[in-house]
Amino acid sequence: MSINPERFLKSLHDLRQFGASGVGKGVVRPAFSDDDIAARNWLADQMRAAGLTAHFDPVGNLFGLADGPSILLGSHSDSQPEGGWLDGALGVMAALEVARASDVPVSVVSFQDEEGRFGVTTGSAIWSGNLPLDQADGLKDHAGVPFAEARARMADLAGDFVHPSRFTGYVEMHIEQGPTLDTDGEQIGVVTEIVGIRDMKITFDGQQNHAGTTPMHLRRDAFQALSAFNAELEERFRNVVTPRTVWTIGHVSLHPNASSIVPGRVTFSMQWRDGDPDRLNRMEEIVRATAGDIASAKGMEVSFGPLLGLEPVAMDTKLQSVLAASAEQVAPNKWRKMPSGALHDATNVAQLMPVAMLFVPSIGGISHAFEEDTDEADLVAGVQVLFGAVNALF
């Protein structure tokens, strides 16, 4: 048996129709949205047609289960608020194509909320035991919707959690989401390790006041506190971070967010990533100390939300080897071993079983945007590498 490229690409484009943005190939399919749930129901039908048993668990993770012990392949099918058509979706549809084309037992998964509407890789974090369900239920999205309320939208579909012992390992195919493969004209990346991440919300409480009558030197302006924090943090990180370390303030909520009012409160996301757990911890100390110092200097209060995160994870050496051998067959001299600077569900699954990851290029290194894309020849090459590796394991 072999991969059917036309069938694979058609299924990938069919999935894109759920939440299609109308801008290029962009997708708007956040976790537990109408489009996300519709896509999961469609995926369940595709799994059944491939001879798998479709199974939703209590948090919306969707499994297509083969009979008996099997290798687990997949990723996620939810998107960023403004996302690309391949992020996560590629890994799910590649997994389904390998299951269709293989004589060996292959199960498929689409994890829920990998993109972090409620936390960090929420669905796989709960399934792996990294995040207790009762704790997850208390998490809220930026609009204040609790995770418990969102997952209740799929309660009529939910069964029990799938026991991980039925799987022998997990392989996740994904777009690189960076420029390395595209810049160097390579088709395949075999991932060696995934960086760790820390993520939390920080709030500065100052004093809301009139924008026309409050002298500058008397203001307790929450936005100015955020601005000062951002500038000071970069300076304090200088002798701690490496060129591969990254940090992001990606979401800001200013209150009351009006033109003629000095803002009295700002809540913002603070996220940082690195491959060294000690450095991640040192950065947390700096984040908290910097926020405290800025608040003190500006006469404000500071508070911190729950710290969420995952440790750096090395990929399984045996699985790396079979992926590398398959990559050399499909794309001779056009592949490399490389780390992942992005976070993936494989980080959580590594707590349960051997895991590995496979990358294909991202054109221009663009992801988490409507412009995200990959040449279809590279998509097909990736699924062929995955197919070859899986069949070499049996």
Side-chain angles (χ1 to χ4, degrees), residues 1-4 7-8 10-12 14-15 18 29 31-32 35-78 88-114 121-129 133 151-173 319 344-346 348-356 383 386-387 389-391 393-394:
M1 302 184 72
S2 62
I3 293 299
N4 182 325
R7 178 178 61 190
F8 162 61
K10 181 181 185 303
S11 68
L12 194 53
D14 286 346
L15 177 56
F18 295 92
R29 197 166 58 228
F32 299 107
D35 285 318
D36 172 60
I37 294 172
R40 287 177 184 278
N41 283 320
W42 175 82
L43 277 169
D45 288 340
Q46 301 304 301
M47 291 171 175
R48 295 183 188 104
L52 303 173
T53 300
H55 180 91
F56 289 95
D57 74 10
V59 297
N61 296 322
L62 170 61
F63 291 83
L65 299 172
D67 294 334
S70 61
I71 185 79
L72 181 64
L73 310 179
S75 188
H76 64 96
S77 55
D78 63 304
L90 172 61
V92 176
M93 302 318 296
L96 185 61
E97 178 58 29
V98 172
R100 287 166 170 159
S102 297
D103 286 327
V104 300
V106 174
S107 293
V108 178
V109 65
S110 174
F111 288 112
Q112 181 57 292
D113 194 29
E114 191 272 356
T121 60
T122 315
S124 61
I126 295 167
W127 183 64
S128 67
L133 182 55
R151 74 181 181 93
R153 300 195 66 205
M154 299 182 68
D156 59 329
L157 300 172
D160 296 332
F161 285 105
V162 174
H163 201 283
S165 63
R166 67 184 296 148
F167 307 119
T168 58
Y170 173 71
V171 184
E172 182 171 354
M173 179 174 158
L319 291 176
H344 301 284
D345 290 307
N348 290 309
V349 183
Q351 307 301 311
L352 305 172
M353 65 191 73
V355 303
V383 76
L386 184 62
F387 175 78
V390 166
N391 283 272
L393 288 170
F394 290 87

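Heavy atoms only, all atoms of each residue included: Ala50 and Leu96 are closest at CB-CD1, 4.0 Å. When all heavy atoms of Val109 and Phe111 are compared, the pair lying nearest together is CG1-CE1, 3.6 Å. Between Ala54 and Leu62 the shortest heavy-atom distance is CB-CD1, 4.4 Å. In terms of heavy-atom proximity, Ala66 sits nearest to Val106 at CB-O, 3.6 Å. Closest non-hydrogen pair, Phe387 versus Ala101, comes out as CE1-O, 3.6 Å. Contact record, Leu15 with Arg29: O-NH1, 3.1 Å, taken as the closest heavy-atom pair.
A donor-acceptor contact shorter than 3.5 Å is absent between the side chain of His344 and the backbone of Ala346. Side-chain atoms of Ser102 never come within 3.5 Å of backbone atoms of Ala99 as a donor-acceptor pair (strictly under, hydrogens ignored). A donor-acceptor pair under 3.5 Å is absent between the side-chain atoms of Arg166 and the main chain of Ser70, judged by distance alone. Within the 3.5 Å criterion, the main-chain N or O of Asp57 finds no donor-acceptor partner in the side chain of Asn61. At least one donor-acceptor pair closer than 3.5 Å links the side chain of Glu97 to the backbone N or O of Asn4. Of the possible polar contacts, none joining the Tyr170 side chain to the Asp345 backbone as a donor-acceptor pair under 3.5 Å is found.
Atom CG of Asp67 has 12 or fewer neighbouring heavy atoms from other residues, nucleotides or ligands inside a 6.0 Å radius. Counting heavy-atom neighbours within 6.0 Å of Asp160 CG, excluding the residue itself, gives a total of 12 or less.
Residues passing the side chain to side chain donor-acceptor pair (under 3.5 Å) test with Thr122 are Asp113, sequence neighbours excluded. Not counting sequence neighbours, Glu114 has no partner by the salt bridge (Lys or Arg N to Asp or Glu O under 4.0 Å) test.
Under the 4.5 Å side-chain criterion, counting only non-hydrogen atoms from C-beta, Ser11 is not in contact with Gln46. At least one side-chain heavy atom of Asp36 sits under 4.5 Å from a side-chain heavy atom of Asp78. Put simply, the side chain of Leu393 does not reach to within 4.5 Å of the side chain of Thr168, judged on heavy atoms. Between Val355 and Val171 there is no side-chain heavy-atom pair separated by less than 4.5 Å.
His55 contributes atom NE2, which lies 11.0 Å from atom CG of Leu157 (distance to the nearest 0.5 angstrom). The distance from atom CZ of Phe18 to atom CG of Asn41, rounded to the nearest 0.5 Å, is 8.5 Å. The structure places OG of Ser77 at 12.5 Å from CG of Leu90, a figure rounded to the nearest 0.5 Å. In this structure, CG on Leu12 lies 11.5 Å from NZ on Lys10, to the nearest 0.5 angstrom. Annotation: the span from Met47 atom CE to Ser110 atom OG amounts to 6.5 Å, rounded to 0.5 Å.
With respect to Val104, the side chain to side chain contact (heavy atoms under 4.5 Å, CB included) criterion is satisfied by exactly one of Val98, Ile71, Val390: Val390.
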Quick one, Asn348 with Thr121, criterion side chain to side chain donor-acceptor pair (under 3.5 Å). Give me CA distance, side-chain angles, the key distance, then yes/no. CA-CA 8 Å; Asn348 290 309; Thr121 60; 2.7 Å; yes
For Ser75 and Glu172: C-alpha separation, side-chain torsions, deciding distance, then whether side chain to side chain donor-acceptor pair (under 3.5 Å) applies. CA-CA 6 Å; Ser75 188; Glu172 182 171 354; 2.8 Å; yes
Pair Leu72, Phe63 - check side chain to side chain contact (heavy atoms under 4.5 Å, CB included), show working. CA-CA 9 Å; Leu72 181 64; Phe63 291 83; 4.2 Å; yes
Go through it in stages, so that I can follow the logic: the residues are Leu352 and Phe167, the test is side chain to side chain contact (heavy atoms under 4.5 Å, CB included), and I'd like the CA-CA distance, side-chain angles, deciding distance and then a yes or no. CA-CA 9 Å; Leu352 305 172; Phe167 307 119; over 6 Å; no
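For the residue pair Arg151/Gln112, the side-chain donor-acceptor check at 3.5 Å is not satisfied.
In this structure, Trp127 has its ring center at least 6.0 angstrom away from the ring center of Phe161.
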